[in-house]
Amino acid sequence: MNYVTTIGGREYVVEIVDERHIMVNGTLCEVDFDNVSDQPVFSLLLNGQSYESYVYSGDEGWEVLLHGSLYLAKVEDEREKRLRASTGSRVADREEFHLRAPMPGLVVTVPVVEGEKVEKGDVLLILESMKMQNELRSPRSGKVSRMRVKPGDSVEQRQTLLSVI
């Protein structure tokens with residue numbers, strides 16, 4: 001079974017070959033993916049390189065925090081994607097995006113204000129967790145709305161921080 005994963009508008013075709021190998025856009029990769037404790041923390045060995053990330057299900061797909069950047073990943077099997085394409089259904093870019101805390105932490109900085117226009121990739125908030133500062137970026141262009149936190153606030157995992165419309 002092939003899966004189509006969309007990250008930042010770019011599509012990747014992923015085929016699971018066996019429990020240790022995947023093909024990504026036709027390139028064979030050796031993988032080892034495992035959950036760390038009871039947290040949404042995952043360890044990934046990809047072709048001998050080690051990565052640690054936070055992965056959790058969001059409203060619009062999977063949300064992945066890797067190296068301080070938040071990525072939104074939509075994963076569909078090929079049949080599901082073809083069916084969606086044939087019916088013409090598409091999520092509108094005008095829908096509201098809710099930035100949620102990928103982990104518990106402390107809001108360090110909020111460099112945007114309510115009503116401010118932002119571009120895809122702009123830093124919306126800096127969250128400190130486990131002695132690391134993580135820049136949470138906008139997955140799309142829009143306008144900041146509904147600020148729900150301020151610098152110095154402690155937040156829980158999956159707590160909504162702000163919205164972009």
Side-chain angles (χ1 to χ4, degrees), residues 1-93 95-105 108 118-142 155-164:
M1 171 73 67
N2 287 346
Y3 296 90
V4 179
T5 303
T6 307
I7 302 171
R10 188 167 172 201
E11 288 188 353
Y12 302 88
V13 177
V14 179
E15 177 186 353
I16 299 172
V17 177
D18 59 38
E19 66 180 41
R20 294 280 186 219
H21 297 91
I22 61 171
M23 294 275 280
V24 179
N25 291 342
T27 302
L28 184 65
C29 301
E30 185 176 347
V31 297
D32 184 12
F33 188 68
D34 200 10
N35 181 262
V36 179
S37 71
D38 293 331
Q39 299 294 319
V41 179
F42 290 85
S43 171
L44 170 66
L45 290 175
L46 178 63
N47 292 330
Q49 287 199 291
S50 178
Y51 301 91
E52 184 177 290
S53 63
Y54 293 84
V55 180
Y56 57 95
S57 179
D59 292 340
E60 300 174 24
W62 293 96
E63 298 180 22
V64 179
L65 181 66
L66 178 67
H67 296 299
S69 294
L70 182 65
Y71 300 94
L72 300 176
K74 183 173 186 176
V75 180
E76 305 169 281
D77 68 45
E78 281 184 319
R79 280 179 275 152
E80 179 183 347
K81 183 166 177 61
R82 280 195 306 266
L83 180 61
R84 186 176 54 84
S86 69
T87 61
S89 64
R90 186 175 165 184
V91 176
D93 286 340
E95 288 184 19
E96 193 167 20
F97 165 76
H98 302 287
L99 178 65
R100 291 185 169 82
M103 68 200 86
V108 176
V118 294
E119 296 298 320
K120 179 179 179 176
D122 286 354
V123 175
L124 299 174
L125 187 136
I126 297 177
L127 181 68
E128 184 176 294
S129 181
M130 299 190 313
K131 299 181 184 177
M132 283 186 57
Q133 291 193 359
N134 301 285
E135 293 181 342
L136 305 184
R137 299 178 180 270
S138 181
R140 63 182 180 90
S141 299
V155 297
E156 296 299 319
Q157 181 179 350
R158 305 209 27 84
Q159 178 179 335
T160 300
L161 308 171
L162 59 84
S163 300
V164 175

Visitor: Between R140 and V164 (side chain of the first, backbone of the second, donor and acceptor by atom type, cut-off under 3.5 Å), is there such a pair?
Guide: yes
Visitor: Do the side chain of S141 and the main chain of K120 share a donor and acceptor less than 3.5 angstrom apart?
Guide: yes
Visitor: Which residue, Y54, Y71, Y56, forms the side-chain contact (heavy atoms from CB on, under 4.5 Å) with E63?
Guide: Y56
Visitor: Do the side chains of L136 and L161 get nearer than 4.5 Å, heavy atoms only?
Guide: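 In short, these two side chains touch, coming nearer than 4.5 Å.
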Visitor: Look up atom CD in Q49 and atom CG in L44, then write down how far apart they are to the nearest 0.5 Å.
Guide: 10.0 Å
Visitor: Do the charged groups of D122 and R137 touch, with an N to O distance under 4.0 Å?
Guide: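 Salt bridge: no.
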Visitor: Which value, rounded to the nearest 0.5 Å, describes the distance between L72 atom CG and S138 atom OG?
Guide: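 Reported value, rounded in 0.5 Å steps: 9.0 Å.
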Visitor: Does any N or O in the side chain of D77 come within less than 3.5 Å of the main-chain N or O of Y3, such that one atom is a donor and the other an acceptor?
Guide: no
Visitor: Nearest 0.5 angstrom please: S129 OG to M103 CE, how far?
Guide: 5.0 Å
Visitor: Parallel, tilted or perpendicular for F33 and F42, by the 30°/60° rule?
Guide: parallel
Visitor: Is the side chain of Q159 donor-acceptor paired with the backbone N or O of E156 at a distance under 3.5 Å, no angle test?
Guide: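 Checking the backbone N and O of E156 against the side chain of Q159, a donor-acceptor pair under 3.5 Å is found.
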Visitor: Rounded to the nearest 0.5 Å, what separates atom CG in D34 from atom OG in S43?
Guide: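 The CG atom of D34 sits 7.0 Å away from the OG atom of S43.
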Visitor: Does a donor on one side chain and an acceptor on the other come within less than 3.5 Å for H98 and S163?
Guide: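 Yes, a side-chain donor-acceptor pair sits under 3.5 Å.
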Visitor: Treating N47 as the side-chain partner and E30 as the backbone partner, does any N or O pair qualify as donor plus acceptor under 3.5 Å?
Guide: yes
